[in-house]
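Here is the structure we will look at.
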Amino acid sequence: MRVLVLSPHHTDFLWLRSLLDSDPEMDPDVTWCPDLIDCDDLIRNASFDVIVWDCAFHGGDEASFLQYLSVSSDEKPVLALSAESPGERAPALLAEGASDYLSRSSLDYWAFARAVRCLWYRQQLSASAQGHLGRELATGVINRDLFFDRLQQALLRAERGGQRLALLHLNLDDFRSINESFGYQKSDQMIMKLAERLRRALRRVDSLMRIGGDELAIIIEKVEDSLDITRIIRKVVSALDDPLTVDGQTLVVSASLGVATYPESGDNAENLMRRANRAMFEAKRDPGTSYRFYDRQLHITAGYQLRLEADLRNALRGGELEVYYQPRVDLATEEVRGVECLLRWNHPQRGLVGPDEFIPVAERSGLIVPIGYWVIEQACKRLQESAGLGFPGLVFAVNLSFRQFHDRKMTETIFRIIFNANVDTSLLELELTESAMMHDPEYAQRCLRELNQLGISFALDDFGTGFSSLSNLQHLPISLVKIDKSFVQELGHSADAEHIIRAIISLSHSLQMSVVAEGVETEGQLEFLRQSHCDEVQGYYYARPMPWNDLVQFLTSRGQSACLQK
Ligand code: C2E
Ligand code: CA
Ligand code: CA
């Protein structure tokens, strides 16, 4: 890469050159030019790939100087530098023909090296049909315009559908030496192979294209949240980990991935490309295959989630998961009718992690399936024990996530678990939300019926937060409705909450379903629920979720006090 620096000060030139020199991959040849006369000569007779123009270099009127540079250099890209912020200067300079603009105050190695490299890259692309890149462009292997088009289309779709989108920019590390040792053709085959492998790892809606000699870009559409993106990145990274074989020669490659997401990192194709590119350069700092999100917060979350997922895999095997039990109290008799089984994770470093943090990760990774069965097993074991401890008839409620329905052997597996545990299935209750049944209603209904035939009953969890009406669920074997804690906690603050709770209770009763109110914390809430004929309550007012031994103690002491009262 040949760079011409137009700057009146030698110290500035040395500084800029040192910034470029710190990028080991660039190895640029940097020439200094302090005045106009030399400049003309240099530009016409030496060929530079990128021109760096410090606006303090006197060129008279800026617009005409830029025009002059463009004509005499045969349209080489010009990177303009000056003291003002980009907001103040960039629009005018870019309109006048500069290719990019950087403010001196924010000039560091990353910003500068990236900008120069980007320009150089663009320059190479447009530099006709010479060299590898040109050949690939000419043969249609690489088509940046087409990619740009696709990205723009995808962005439109995302915007219309209110969805997120992620752009992954993948650059192979040290491709130059791969090229040198394997030769151009083999390296090329290797990239094609890698692209093929990545394509298999991606979903059908994702599009992958080669946008440079050693660069691929992937558009990931229809993602709900950063977890989705994280999962896809994980697949890409693990696809890169396997060695590649071309003509009997094996090679291990690593790559740097930059990720920019819509809407967080930009809302047009150009910005997203630039930011994914920038993130990719940052990923280059880390050894081996690595990724970076342009958006820092997303980067932190993604890293956190990937680690959490890896840890969770070990947690089940390592016995770090534990079930807590929260009592459900019958309002008429004040007796504990049952308990809800709630997962906890004793993380070796982080301490006790709540389910809201790790259940989504477990769902997304499919780990919820084995974890879910483990919870049912625990519940059955405790159900067995509780009769011996003097609490027969205690109902054990277990939460079932919609992802567990994805396991086509669900009913069979649950049947095997309860058969092995030899428990009274009428004491086992499964809690599910409306959304769990909405994904594949027919299949879900079949599962519910099959399990119901085994004696298991069902509760509708978080009721009131979804959209379905109770009468729609009439034909399902649901015997209990749990009012979401958000309504209970609104009691005393909103008349709406009172009306809604009363309506749910009376409708449920008319459909022969019992009602449990969740999240009861105060005497006032309890009183309202009692007057509204709610059947049972669950909440901190009576007890928090607790380990099994504490529950046994809790039940024992309640039993004793009840005896004393009699
Ligand atoms: P959920 O099914 O709605 O469980 C009730 C949540 O409310 C529990 O949170 C419980 O600790 C909390 N809670 C109970 N009483 C009160 C109260 O008076 N005030 C307040 N503020 N909160 C109360 P937890 O244990 O953090 O569980 C959160 C969610 O994680 C559960 O919500 C459930 O959806 C999910 N979860 C827990 N265990 C499992 C499991 O084994 N499998 C699946 N699929 N999901 C689980
Ligand atoms: Ca629940
Ligand atoms: Ca709930």
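No experiment lies behind these values; they were computed from the predicted model shown. The analysis underlying the following values was restricted to heavy atoms, covering all of them including side chains, and did not include hydrogens, waters or symmetry mates. We number each residue from 1, following the sequence as shown. Order of appearance sets the numbers: ligands from 1, and atoms from 1 within every ligand.
- Using a 4.0 Å cut-off to heavy atoms of Asp462, the atoms of ligand 1 that qualify are 3 (O).
- A salt bridge does not link Glu221 to Arg203: none of the charged nitrogens lies less than 4.0 Å from a carboxylate oxygen.
- Near Glu518, the atoms of ligand 1 lying under 4.0 angstrom from a non-hydrogen atom of the residue are 3 (O), 5 (C).
- The residue from Glu536, Glu334, Glu523 that alone fulfils the salt bridge (Lys or Arg N to Asp or Glu O under 4.0 Å) condition with Arg530 is Glu334.
- Tyr373 and Asp407 are linked by a side-chain donor-acceptor pair at a separation below 3.5 angstrom, with hydrogens and angles left out of the test.
- The shortest heavy-atom distance from Gln489 to ligand 1 is under 4.0 Å.
- Evaluated by nearest non-hydrogen atom to atom 25 (O) of ligand 1, the leading choice among Gln326, Glu431, Arg344 is Arg344.
- When the heavy-atom distances from atom 42 (N) of ligand 1 to Asp356, Asn399, Asp484 are ranked, the shortest goes to Asn399.
- Between the choices Tyr540, Phe358, Tyr541, Trp374, the shortest heavy-atom distance to atom 18 (O) of ligand 1 belongs to Tyr540.
- Each of the atoms 11 (O) of ligand 1 lies under 4.0 Å from some heavy atom of Pro545.
- At a threshold of 4.0 Å, the pair Glu442-Arg446 does not count as salt-bridged, since none of the basic side-chain nitrogens sits closer than that to a carboxylate oxygen.
- Note on Glu431: its N/O/S atom closest to the Ca ion (ligand 2) is OE1.
- Counting non-hydrogen atoms of other residues, nucleotides and ligands closer than 6.0 Å to CZ of Arg285 gives a total above 12.
- Between Glu340 atom OE2 and Asp461 atom OD2, the angle centred on the Ca ion (ligand 2) amounts to 170° (nearest 10°).
- Using the six-membered ring where Trp is involved, His406 and Phe402 have ring planes that are perpendicular, over 60° apart on the 30 and 60° scheme.
- Judged by the shortest distance from any of its heavy atoms, Arg544 lies outside the 4.0 Å radius around the atoms of ligand 1.
- Of the N or O atoms in Lys485, one or more lie within a sub-3.5 Å distance of an N or O in ligand 1.
- Residues meeting the side chain to side chain donor-acceptor pair (under 3.5 Å) test with Ser486, sequence neighbours left out: Asp484.
- Considering all non-hydrogen atoms of both residues, Arg292 and Ala279 come closest at CB-O, 3.3 Å.
- Taking only non-hydrogen atoms, the option from Ala517, Pro355, Cys341 nearest to atom 30 (O) of ligand 1 is Pro355.
- Residue contacts with ligand 1 for Leu343 involve both N, CA, C or O and side-chain atoms from C-beta outward (heavy atoms, distance under 4.0 Å).
- No more than 12 heavy atoms of other residues, nucleotides or ligands lie within 6.0 Å of CZ in Arg337, so this atom counts as exposed by the packing criterion.
- For the pair Gly519 and ligand 1, a heavy-atom separation below 4.0 Å is found.
- A salt bridge is absent between Arg558 and Glu335; no separation between the charged side-chain nitrogens and carboxylate oxygens falls under 4.0 Å.
- Side chains of Glu215 and His169: a donor-acceptor N/O pair is present below 3.5 angstrom, by distance only.
- Shown in contact with Asp461 at under 4.0 Å from a heavy atom are these atoms of ligand 1, numbered in order with element: 2 (O).
- Distances below 4.0 Å separate heavy atoms of Glu521 from the following atoms of ligand 1: 17 (C), 18 (O), 19 (N), 20 (C), 21 (N).
- Of all the listed residues (Leu342, Val323, Thr522), Leu342 holds the heavy atom that lies closest to atom 8 (C) of ligand 1.
- Residue pairs meeting the salt bridge (charged side-chain N to carboxylate O under 4.0 Å, His left out) criterion with at least one partner in residues 259-272, sequence neighbours excluded, are Arg164-Glu264, Glu270-Arg274.
- The Val375 neighbourhood of ligand 1 comprises atoms 41 (O), with distances under 4.0 Å to a heavy atom of that residue.
- Heavy atoms of Gly354 stay at 4.0 angstrom or farther from ligand 1.
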